[in-house]
Chemist: 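Input: one structure, supplied below.
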Amino acid sequence: MLRPVKHVLLDFDGPVCSVFAGLPAPEAAARLPASLADAGLIQLPDGPVEGDPLALLRQINEEHREAVGLADRTLAAVEAEAVRMAVPTPGGESVLRACAESGRCLDRE
């Protein structure tokens, strides 16, 4: 089935590793409004914060357009921290090695 495939596109989170294994997504998401509040851009919400960092970034974009730049930079820094603590997906290394050994070009999404 993969014989004619020359390029393989993998999502990093899942096939390669569990990005938020060491820094849970809800904790990462909670850092976004906190950083925006520290910068004086928004007030922290009274209720619980959206636990999905990307969904929260979309929400900030819709409700606080002026704060989306800082939110995006904050999320990028939090994701970089999470990746340093990520846990490899079982079998992921075998997939990467098989692609490389068979001459397939790997790219990430």
Side-chain angles (χ1 to χ4, degrees):
M1 179 168 85
L2 292 177
R3 196 165 313 205
V5 173
K6 291 185 168 83
H7 303 277
V8 178
L9 177 66
L10 294 174
D11 184 357
F12 190 70
D13 186 23
V16 177
C17 69
S18 177
V19 170
F20 292 105
L23 175 62
E27 182 182 328
R31 293 186 187 185
L32 293 179
S35 70
L36 300 178
D38 289 347
L41 294 172
I42 66 168
Q43 288 187 316
L44 286 173
D46 290 334
V49 174
E50 164 66 55
D52 177 345
L54 292 177
L56 182 56
L57 183 62
R58 284 190 294 275
Q59 181 181 345
I60 291 167
N61 183 51
E62 292 168 4
E63 298 174 8
H64 303 282
R65 187 90 175 144
E66 73 285 358
V68 76
L70 177 58
D72 186 49
R73 289 188 300 277
T74 301
L75 180 56
V78 170
E79 286 180 328
E81 181 182 344
V83 166
R84 288 190 292 276
M85 295 183 271
V87 175
T89 298
E93 182 181 352
S94 298
V95 171
L96 297 174
R97 191 173 312 284
C99 287
E101 289 172 357
S102 65
R104 289 177 173 79
C105 180
L106 289 168
D107 204 348
R108 59 179 170 74
E109 182 177 59

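Only this structure's heavy atoms are used, side chains among them; waters, hydrogens and symmetry mates stay out.
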Chemist: With a 4.5 Å cut-off on side-chain heavy atoms, are Thr89 and Val16 touching?
Modeler: no
Chemist: In terms of side-chain geometry, is the basic nitrogen of Glu62 or Arg58 positioned less than 4.0 Å from the acidic oxygen of its partner?
Modeler: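 A salt bridge is absent here (no side-chain N lies under 4.0 Å from a carboxylate O).
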Chemist: Considering all heavy atoms of both residues, which atom of Val78 and which atom of Ala28 are nearest to each other, and what is their separation?
Modeler: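 Closest pair (atom of Val78, atom of Ala28, distance): CG1-CB, 3.3 Å.
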Chemist: Do Val68 and Leu70 sit in the same hydrophobic cluster, where Ile, Leu, Val, Met, Phe, Trp and Tyr count as joined when their side-chain heavy atoms come under 4.5 Å apart?
Modeler: yes
Chemist: Can you see which heavy atom on Phe20 is nearest to which on Ala25, and at what distance?
Modeler: CB-N, 3.7 Å
Chemist: Quick one: closest heavy-atom pair of Ala29 and Glu50, and the distance?
Modeler: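 Smallest interatomic distance, heavy atoms only, reads CB-O, 3.3 Å.
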Chemist: Working to the nearest 0.5 angstrom, can you tell me the gap between Asp72 CG and Asn61 CG?
Modeler: 9.5 Å
Chemist: Is there side-chain contact between Leu56 and Pro33, with heavy atoms separated by less than 4.5 Å?
Modeler: yes
Chemist: Could you tell me the separation between the CG atom of Leu36 and the NE2 atom of His64, rounded to the nearest 0.5 Å?
Modeler: 8.0 Å
Chemist: Which distance, rounded to the nearest 0.5 Å, do you find between the CG of Leu32 and the CZ of Arg73?
Modeler: 12.0 Å
Chemist: Mind checking whether Leu23 and Arg31 have side chains closer than 4.5 Å, heavy atoms only?
Modeler: yes
Chemist: Is there a side-chain contact between Leu75 and Leu54, using heavy atoms and a 4.5 Å cut-off?
Modeler: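 Yes, side chains in contact.
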Chemist: Between atom CD of Glu79 and atom OG1 of Thr74, what is the distance when rounded to the nearest 0.5 Å?
Modeler: 11.0 Å
Chemist: Return the minimal non-hydrogen interatomic distance between Ala21 and Val87, and the atom names on each side.
Modeler: CB-CG2, 3.4 Å
Chemist: Using a 6.0 Å cut-off, check whether atom CD of Gln43 has over 12 heavy atoms from anything other than its own residue.
Modeler: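 No - once you tally the heavy atoms of other residues, nucleotides and ligands closer than 6.0 Å, there are 12 at most.
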Chemist: Calculate, to the nearest 0.5 Å, the distance between atoms CE and SG belonging to Met85 and Cys17 respectively.
Modeler: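 These two atoms lie 12.0 Å from each other.
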Chemist: So for atom CD, which belongs to Glu93, do other residues, nucleotides or ligands contribute more than 12 heavy atoms lying within a distance under 6.0 Å?
Modeler: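 Open.
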